[in-house]
Amino acid sequence: MDCDAFYASVEKRDNRELATKPVIIGGGRRGVVSTACYVARIRGVRSAMPMFQALKLCPEAVIVRPRMDAYVAASREIRQMMEELTPEIEPLSLDEAFMDLSGTQKVHGQPPAAMLARLVKRMREELRLTGSIGLSHNKFLAKIASDLEKPKGFSVIGKAETDSFLRDRPVRMIWGVGGATQTALEKAGIRQFSDLLRWSHEDLTARFGAMGTRLYYLARGEDKRRVSAHHSIKSISKETTFFEDTADPDLLDGHLWRLAEQVSDRAKARGLAGRVVTLKLKKADHALVTRRHTLRDSTQMADTIYRNARALFDQSGIAGPLRLIGTGLSSLGSAEEADRFDDLLDPEARIRGEIERATDEIKARFGSEAILKGRALR
Amino acid sequence: MKFSIERAALLKAVAQAQSVVERRNTIPILANVLIEAQDADVRFRATDLDIEVVDRADAKVERAGATTVSAVTLHEIVRKLPDGALVTLTDDGASGRLTVEAGRSNFNLATLPKEDFPVMATSEYSSNFSAPAPVLRRLFDKSKFAISTEETRYYLNGVYMHVSDADGGKVLRCVATDGHRLARIDAELPDGAGDMPGVIVPRKTVGELRKLLDDDDAQIAVSVSETKVRFATPDITLTSKVIDGTFPDYTRVIPQGNTRKLEVDAAEFARAVDRVATVSSERSRAVKLTLDEDKLVLSVNAPDSGAAEEELAVAYGDERLEIGFNAKYLLEISSQVDRENAVFMFNSSGDPTLMREGNDTSAVYVVMPMRV
């Protein structure tokens, strides 16, 4: 299930005035397009397009700052509806998820297609949001199917028609085949799935490595990946692109704290903790600088992420002006073995940790804006 | 330059030089050892720009002179020569080659001009004193395990050597910590060391220094300034920059009010910790200590790998206490105890714990518990 222009649809739902207007979700003139509604898409606006370019294509577009809280809430409601169909759900993002409906016909007394039709109907009626369904016998094909008739699509690729469906399709449909792979494939004379069928497994692997093996099976409509409710993520990161390049230390510090807090929130929500803190800076000339620090104990605490990112920033010797700042957590593992040590040389760390846990509880009860650090207001 | 030298004397000098030289060098001359022959002795000098070591060795000098050659290559050659060999090193000054001859072996090594070799600037030392090798050995051996490797707190990447007040008057003190454990080792203050400025001796220097301290009868000449420290025996001079930073105020880290006392045989304790830790998770190495009237239970409960438990008879007379530690930290501190029982002083399961040997306060360790 893939929601249609999710962020924009939530905005249109919550603000009637936007209903017929081209709406772009994104972070201001300097940012990039996060989501464009279908009205804006007709004008050529696409996700990840720089905002100035989007506005050139569609000057009357209404730019809306993302309201993540609202999207998370909507996503959660959709998730609850999906959980009534199956416990095997693998979310790809807030607005997209794989569901394994194998064997559910016995439970529901209806085939998966009927259940999915009911799901989108409920989404439309109860949440006033639309989504597209792709139904097939593996993840690869289901994903392709969901994109076939967007928006409000409903496509089924059955086992019997898999080969004929794929044959004349371009290989760039495969998720993970980007520009570079495409060029390499074209050099080998591979444009369509039918071209891939002429290659032996060995030749494809010899030429394209692990990707070759995958291509060999995908060309035959085979994909053994399971729908995994515990999809492993490798890192969590957040970054901000500024409206104007800035060297203001207070402003940068404030941003760093908020980003660290967002990374921490995500880690806490997933029960994860990481051992590597990274800092990402983009200078005015677009030069990218990244720094990393390995902790002795993994953490999920905003305070620890912030302090380490801050130390990396101070040691980078870069004062700005900056175009972007970001921080992240990687080398992830279970939170159970995280934050188990206090620092002898920083006795207040223990108190700060207790404050953070208490703050988290307040936020969980009264909302994420209920309590803030002064630093977050900078 | 031409001189002949015993293989053993040459090996000792070159070994020290090549361990100072960094393995990966962007400046070619820093991979070399400077060899200077004059009168009846030869000096071998190596540096990484932070540390400089000069080794002196007796030799039969036929022609005085100097050159530089790869420290690692020369070390490898000398190491492989037979014991007792007489080695002759010759540099004619014109060919840019150093000839190394021993018996029927003959090597020809590329050299770099001696003028290019960076010699560490001499500096004024504000404090000079002499200390017996065993005293320095104890100070550094017992503290170095706690040196931090964390780059963000570079001022912890060494041992803080300074003069401090202790119960019996002024002492020479070495402290190292990484925020999880701390070692504070005291020794009698040598004559003339009273005005010594406190310096952070870098980890690598501590390692190099150790090689000067094996001889129980040796006296080490120590010179200290705000920026450099020098340790010297009659044959070896080790000069090092010190870490330019402020060592944190460690005194407030050492718990004063811990009253719950545990006394245990250190070796027996270490073996038990090691045994139960076998099943602990690779990453955390968590071990739980449960203390009750004259009884200590060590336990590990790792959901993924299993559980272990071992009971020890100990001297403990306080309330029941459960506290968790990283097994590695417990093993490190208990291995420092060599004569008497280990004495642990606890407060609560969240507070730093203190460990010492018997009632000896000249070596004190602090270890942070972990949540288990």
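Side chains are part of it too, since the values below use all heavy atoms of this structure and drop only hydrogens, waters and symmetry mates. Naming: A, B, ... by sequence-line order, numbering from 1 per chain.
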Is it the case that over 12 heavy atoms from other parts of the model lie below 6.0 angstrom from the [atom1] atom of [X]?
{"X": "A/Arg357", "atom1": "CZ", "result": "yes"}
{"X": "B/Glu226", "atom1": "CD", "result": "no"}
{"X": "B/Asp338", "atom1": "CG", "result": "yes"}
{"X": "B/Lys288", "atom1": "NZ", "result": "no"}
{"X": "B/Asp244", "atom1": "CG", "result": "no"}
{"X": "A/Gln315", "atom1": "CD", "result": "yes"}

TODO: Using modelled atom types only, decide if a donor and an acceptor are shared between the side chain of A/Arg340 and the backbone of B/Gly324 within a distance under 3.5 Å.
DONE: no
Distance from [X] atom [atom1] to [Y] atom [atom2], nearest 0.5 Å?
{"X": "A/Arg291", "Y": "B/Glu151", "atom1": "CZ", "atom2": "CD", "result": "11.0 Å"}
{"X": "A/Leu345", "Y": "B/Arg252", "atom1": "CG", "atom2": "CZ", "result": "7.5 Å"}
{"X": "B/Thr152", "Y": "A/Arg310", "atom1": "OG1", "atom2": "CZ", "result": "14.0 Å"}

TODO: Among the options A/Asp314, A/Asn308, A/Asp339, pick out the one with the most heavy-atom pairs lying under 4.5 Å from chain B.
DONE: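 Greatest number of close heavy-atom pairs with chain B: A/Asp339.
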Task: Contacts with chain A made by residues 171-183 of chain B (heavy-atom distance under 4.5 Å), listed by residue number - done: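 So far as heavy atoms go, B/Thr177, B/Asp178, B/Gly179, B/His180, B/Arg181, B/Leu182 are the residues that approach chain A to under 4.5 Å.
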Task: Part of residues 249-266 of chain A lying next to chain B, heavy-atom separation under 4.5 Å - done: none
Task: Pair B/Arg371 + A/Asp342, salt bridge at N-O below 4.0 Å - done: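 Looking at B/Arg371 and A/Asp342, the cut-off is met.
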Open item on the list: I'd like to check A/Arg296 versus B/Asn326 (side-chain heavy atoms, cut-off strictly below 4.5 Å). Are they in contact?
Closed with: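 Not touching, per the 4.5 Å side-chain cut-off.
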